Amino acid sequence: MSQIRVAIAGASGRMGRMLIEAALKEEGVVLAAAFDRSDTPFIGRDAGEMAGVATGVLITDDAAAAIGAADCVIDFTRPEGTLAHLALARAAGKAMVIGTTGFDAAGKTAIAAAAEHVPVVFAPNMAVGVNAVFRLLEVAARILSEGYDVEVIEAHHRFKVDAPSGTALRMGEVVARELGRDLETCAVYGREGHTGERSAETIGFSTIRGGDVVGDHTVLFAGIGERIEITHKSGSRMPYALGSMRAARFLAGRAKGLYDMQDVLGLR
């Protein structure tokens with residue numbers, strides 16, 4: 001098996017540490033570099049230190065050098081940081097796996113533009129199980145297209161900065177597409193006060209933030225006399241990290257293009 005060298009952005013963060021651990025375990029993946037902001041106290045320390053492993057790869061604040069040392073960048077940071085790293089990856093001709101959420105329309109446009117020059121996997125959730133749920137939602141929405149109200153409920157830890165989650169939004173997009181609706185016009189984000197009766201054409205979103213919840217997502221199809229719930233619960237961040245390694249291996253040898261996890265898993 002050919003090997004792909006990866007650079008991990010946000011290496012000292014919760015997800016960055018998990019990505020490093022996954023990279024060290026994944027066959028066909030080599031940890032080539034790890035980088036983070038200059039204000040983190042982990043600059044200059046071994047990337048595997050927090051996992052109790054000596055890697056010989058030191059965390060640096062030189063993003064350009066780290067990206068230049070790798071074949072592929074894996075980034076789960078913040079939109080502004082990810083876009084800066086994407087510009088560096090594009091300039092260096094490097095592939096990129098983007099698990100960051102919370103991009104606005106301009107950010108998504110910038111990602112698509114970069115993918116015209118380098119290969120990019122951009123997905124709201126890298127976990128294999130979540131992507132299986134996306135396919136289940138397609139089937140459920142087609143079957144339950146009449147007489148069922150759709151609600152998306154998600155829960156995450158207190159530190160998450162965007163809401164609803166990217167995964168919840170993608171779930172809503174999948175259902176809306178199958179129902180022939182435009183999520184931008186039919187979505188309802190939270191309810192308060194005298195709201196009136198629920199419109200059958202809407203897709204509702206409810207957000208919970210608290211504690212250390214890694215990520216729970218449920219899509220509820222509520223009909224008369226029955227409810228169907230499709231749920232995914234994450235017990236750790238490792239499924240996201242392992243999916244990201246699969247995405248990096250998928251990009252090996254590709255010249256350019258914008259892909260998501262459905263492409264990586266051969267579900268198209």
Side-chain angles (χ1 to χ4, degrees), residues 4 6-23 25-26 29 31 33-37 47 63 66-67 70-90 94-104 107-108 110-112 114-115 118-134 154 156-157 159-171 173 213-217 232 234-252 257-265 267:
I4 185 165
V6 301
I8 306 300
S12 62
R14 292 183 298 274
M15 192 63 209
R17 296 195 297 268
M18 194 66 71
L19 287 166
I20 290 168
E21 184 178 345
K25 295 178 179 179
E26 184 77 3
V29 173
L31 179 65
F35 62 100
D36 212 329
R37 299 180 310 180
I67 291 169
D71 303 312
C72 179
V73 187
I74 303 179
D75 194 316
F76 278 71
T77 57
R78 299 279 179 90
E80 59 275 14
T82 299
L83 291 175
H85 304 151
L86 178 62
L88 293 172
R90 174 177 172 175
K94 306 295 184 176
M96 193 157 179
V97 174
I98 300 175
T100 306
T101 60
F103 290 100
D104 59 16
K108 293 176 181 178
I111 292 170
V118 295
V120 177
V121 171
F122 175 40
N125 197 303
M126 298 288 176
V128 174
V130 167
N131 283 274
V133 166
F134 291 153
E154 61 102 340
H156 280 85
H157 51 85
F159 304 105
K160 188 166 179 60
V161 297
D162 57 308
S165 70
T167 301
L169 290 171
R170 177 59 62 87
M171 289 176 167
E173 289 169 356
V213 179
V214 176
D216 295 350
H217 295 87
H232 180 278
S234 297
S236 80
R237 294 177 177 83
M238 186 54 76
Y240 312 142
L242 293 175
S244 299
M245 299 305 136
R246 290 183 67 166
R249 288 194 283 110
F250 169 84
L251 291 178
L258 182 60
Y259 308 94
D260 64 15
M261 284 302 289
Q262 299 289 298
D263 297 304
V264 173
L265 299 173
L267 298 176

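Computed over heavy atoms, backbone and side chain alike; hydrogens, waters and symmetry mates excluded. Being a predicted model, the structure only gives us computed values, none of them experimental.
Using a 4.5 Å heavy-atom cutoff, the side chains of Met96 and Ile67 are not in contact. Residues His217 and Val133 fail the side-chain proximity criterion, which asks for heavy atoms closer than 4.5 Å. No side-chain heavy atom of Met171 sits less than 4.5 Å from a side-chain heavy atom of Glu154. Put simply, the side chain of Leu242 reaches to within 4.5 Å of the side chain of Glu26, judged on heavy atoms. Counting only heavy atoms from C-beta outward, the side chains of Leu19 and Ser244 approach each other to under 4.5 Å. Contact check for Leu31 versus Val29: no side-chain heavy atoms found under the 4.5 Å cut-off. For the pair Thr101/Lys160, a side-chain contact is recorded, criterion being any heavy-atom separation below 4.5 Å from C-beta on.
Interatomic distance, Cys72 SG to Ile4 CD1, rounded to the nearest 0.5 Å: 4.5 Å. Note that NE2 of His85 is 9.0 Å distant from OG1 of Thr100, once rounded to the nearest 0.5 Å. Taken to the nearest 0.5 Å, the CG atom of Asp263 stands 8.5 Å off from the CG atom of Leu258. To the nearest 0.5 angstrom, Ile20 atom CD1 is 6.5 Å from Ile8 atom CD1. To the nearest 0.5 Å, atoms CE (Met245) and CE (Met238) are separated by 8.5 Å. From Asn131, atom CG reaches atom CG of Asp260 across 7.0 Å, with rounding to the nearest 0.5 Å.
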Go through the steps to decide whether Val128 and Arg246 satisfy the test side chain to side chain contact (heavy atoms under 4.5 Å, CB included), and finish with yes or no.
CA-CA 10 Å; Val128 174; Arg246 290 183 67 166; 3.6 Å; yes
Assess whether side chain to side chain contact (heavy atoms under 4.5 Å, CB included) is satisfied between Phe134 and Leu267, documenting all intermediate values.
CA-CA 10 Å; Phe134 291 153; Leu267 298 176; over 6 Å; no
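Listed by chain and residue number, His117 satisfy the side chain to side chain donor-acceptor pair (under 3.5 Å) test with Arg90 (two or more places apart in sequence, or in another chain).
One N or O on the side chain of Asp36 and one on the backbone of Ser12 form a donor-acceptor pair closer than 3.5 Å. At distances below 3.5 Å, at least one donor-acceptor pair connects side-chain atoms of Lys94 with backbone N or O atoms of Ala70.
Between Tyr259 and Phe250, the ring center distance clears the sub-6.0 Å criterion.
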